[in-house]
Amino acid sequence: MALQASPFPNEFASGLHAIGWALILPCFWCLNRVIAVCKSTTQEQIQRYEQECYLHPLKVFFGSILFFVLFLLTAPLALLGFLLWAPLQACRRPFYYHREVPAKPENETDRGFELTGKASFGFATANLCLLPEGLARFNNLGHTHRRASAIGQRIVTGVCRPNIRIFVDSPSSCGTLSPSNSILPAANSNTYGATDRQPPRPVCHHAEAHDRQVHVVCVSCDDAEEPSPVLNSNQNSNQQGRPSHRSAPRAFLSQGLRQRGDEPWEVSSLFPANIDILCLEEVFDKKAAQKLTDILKPVFGHILYDVGVYACQPPCMCSSFKFFNSGLFLASRFPVLQAQYHCFPNSRGEDALAAKGLLSAKVLIGQNRKQKKVVGYFNCTHLHAPEGEGEIRCEQLNMVTKWTADFQAENKQPDEEVVFDVLCGDFNFDNCSPDDHLEQNHRLFDDYRDPCRAGPGKEKPWVIGTLLEQPTLYEDDVNTPANLQRTLESEELRRQYISPPVPAAYSPLVYPEEGQPWIGRRIDYILYRESSISKQCRTEIEEVNFITQLAGLTDHIPVGLRLHVTMDADG
């Protein structure tokens, strides 16, 4: 599919769609306010209790009546707008595409493979619960548009920070060395309070990021060798032919990278520096998606948003009406060459109102030493949500497996080298609940590798769940990035705030097994596949991140993954 900015084939259809939506919007807004005025978040309840506000019942009574009357008055206009809006969905392509034109075209690609044959790629995924205001409150989250702005600013703050690493030749003898207390300034936790208190928006233009330099200090445990600072570029963590850091035990991130088993991991209060591709879920609200796009576009020059289909799907059939899009949002530093979206046809219940599905993208990385094009594949999805319906999710995983293979078969060119194939998103099942037994044993995990998974139904001991308990989102232990980081690092505290495993029907839950750590529900995944990349490439995990920077803004914990890829000289 050729990428165009508008999802409509011409300006006339786009104009009619804008008119139809403008007629629908006032009625939709009034209905949204009717729900929002009646449903409070726990944070608002606490604030009213502290302020001894006795006027809230009157506000609810008169506010709901006012907005309901306005809803009735605007309903005829909404019906007229619906008659314009609904038929146009048959010719709508399933996403908007924004491209930020760079100052220099070469700034959009990476020269790591061309110069050194090595490169490092960072990915992150997060469920943001950016539903319309009234519906978001059922997840104990309000102020959708304000949260969208705060989320975007926090992401930019994290990914644009200097990426400082320290290397030690012998970590076993020197111990873990972290510059967080001496080199990096400590983050001010007051910055991360309520959603109406936002950090200043950093200026991090894509072209400027290539020119930022940071020091990487090489520390040797051998007294005969002197430490030597090395200057390196910060963009994409591999620009200007930066030497690779393949030996995971040698690298300790500023937030304290650890290693237990094969994968280096950390709980970080900031998004990893230099994320290359970002996948967000539940960005259902159109205005929230536009706010995110406006904030992220100086850093991520290629953005796909408002992804999905609306109205009757398939067109001209009333078997399934989609009121919401898929909620998927893809932001990439690299140019998007091709993109394709598929809607799951087997949704049921409230999930059938949203066009959940799979978004697949092919991105241009750059060139290798033989001037062959280097590309990567990135797929993101959001599976069926209700518990106890694993059969539906397994069917959707079957579709994901087929659609990713079909997309790559259709778009792969003989003169290209594929260096990564990543699948991420909110899968709505975990790897520790007996209730999710079917999904845990799906063949998808034979193709894609999950860095956090020891086997079906068994997590690695360092893994942390990603689904927070909604009633406790605003408690002191979890309402700021620093506090949430400390909580996640304590197993005792983690039990109070992370959703526990779900027992199988009619069976008592015995968890955890004796001598095993308590791990909550991890439903947000980043997987990667090696069988579909070029034979000349070798992939290693540089780091796995559990990110607390969005504390108080969503009920999920974002997850990050950085892959190091080496291409043989004959590639």
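Values reported hereafter were calculated over all heavy atoms of this structure, with side chains retained and with hydrogens, waters and symmetry mates removed.
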Kindly indicate whether the side chain of Leu358, heavy atoms from C-beta on, has any atom under 4.5 Å from the side chain of Gln340.
-> no
side-chain hydrogen bond (donor to acceptor under 3.5 Å, both in side chains) partners for Thr539, two or more places apart = none
Evaluate the side-chain proximity of Leu292 to Val283: yes if any heavy-atom separation is below 4.5 Å, no if none is.
-> yes
Looking only at atom types and distance, does a side-chain atom of Thr381 sit under 3.5 Å from a main-chain N or O of Gly425, one as donor and one as acceptor?
-> no
Non-hydrogen side-chain atoms of Glu542 and Pro264 separated by less than 4.5 Å | no
Kindly say whether Arg154 contributes a backbone atom to a donor-acceptor pair with the side chain of Gln549 at under 3.5 angstrom?
-> yes
Ignoring hydrogens and geometry, is there a side-chain-to-backbone donor-acceptor pair from Asn431 to Gly455 under 3.5 Å?
-> yes
Tested for ring pair (Phe, Tyr, Trp, His ring centres under 6.0 Å) against Phe121, the lone hit among Phe420, Tyr377, Tyr528 is Phe420
Aromatic Phe445 / basic Arg443 pairing, under 6.0 angstrom, 45° off normal = no
Note: Leu563 and Ile541 closest approach over all heavy atoms is CD2-CG1, 4.1 Å
Kindly say whether Val267 contributes a backbone atom to a donor-acceptor pair with the side chain of Gln485 at under 3.5 angstrom?
-> yes
Decide yes or no on side chain to side chain donor-acceptor pair (under 3.5 Å) for Ser149 and Arg146, but give the supporting numbers first.
-> CA-CA 5 Å; Ser149 297; Arg146 201 186 307 172; over 6 Å; no
Evaluate the side-chain proximity of Phe329 to Cys279: yes if any heavy-atom separation is below 4.5 Å, no if none is.
-> no
Keeping the roles fixed (side chain from Asp294, backbone from Leu296), state whether a donor-acceptor pair exists under 3.5 Å.
-> no
Lys458 atom NZ, over 12 foreign heavy atoms within 6.0 Å = no
Would you find a donor on one side and an acceptor on the other, under 3.5 Å apart, between the side chain of Thr548 and the backbone of Pro481?
-> yes
side-chain hydrogen bond (donor to acceptor under 3.5 Å, both in side chains) filter on Asp285, not counting sequence neighbours, yields His145
Basic-acidic side-chain contact under 4.0 Å: Glu417, Arg369 | no
Can the ring centres of Tyr305 and Phe95 be said to be less than 6.0 Å apart?
-> no
Donor on one side chain, acceptor on other, His302 and Glu108, under 3.5 Å | yes
Evaluate the side-chain proximity of Leu383 to Phe429: yes if any heavy-atom separation is below 4.5 Å, no if none is.
-> yes
May I ask you to check whether His442 and Gln440 show a side-chain donor-acceptor distance below 3.5 Å?
-> no
Does the Arg147 side chain pair with the main chain of Leu128, one donor and one acceptor, at a distance under 3.5 Å?
-> yes
Are a donor atom and an acceptor atom from the side chains of Asp421 and Gln408 found within less than 3.5 Å of each other?
-> yes
Taking every non-hydrogen atom, the tightest pair across Ser332 and Ile277 | OG-CG1, 3.9 Å
Worked verdict on Arg486 versus Glu489 for salt bridge (charged side-chain N to carboxylate O under 4.0 Å, His left out) | CA-CA 5 Å; Arg486 285 192 292 269; Glu489 291 174 341; over 6 Å; no
Give the C-alpha distance, both sets of side-chain angles, the deciding distance and a yes or no for side chain to side chain donor-acceptor pair (under 3.5 Å) between Arg494 and Thr487.
-> CA-CA 6 Å; Arg494 208 159 58 223; Thr487 296; over 6 Å; no
With sequence neighbours left out, the residues meeting side-chain hydrogen bond (donor to acceptor under 3.5 Å, both in side chains) with Thr466 are Asp524
Ignoring hydrogens and geometry, is there a side-chain-to-backbone donor-acceptor pair from Ser268 to Ile547 under 3.5 Å?
-> no
Ring centre gap for Tyr341 and Trp403 strictly below 6.0 Å = no
Heavy atoms, side chains only, cut-off 4.5 Å: are Val363 and Ile365 in contact?
-> yes
Asp450 side chain to Cys452 main-chain N or O, any donor-acceptor pair under 3.5 Å?
-> yes
Any donor-acceptor N/O pair, Arg521 side chain to Leu468 backbone, under 3.5 Å = no
Option from Ile498, Val478, Leu550, Leu467 for which side chain to side chain contact (heavy atoms under 4.5 Å, CB included) with Ile557 holds = Ile498
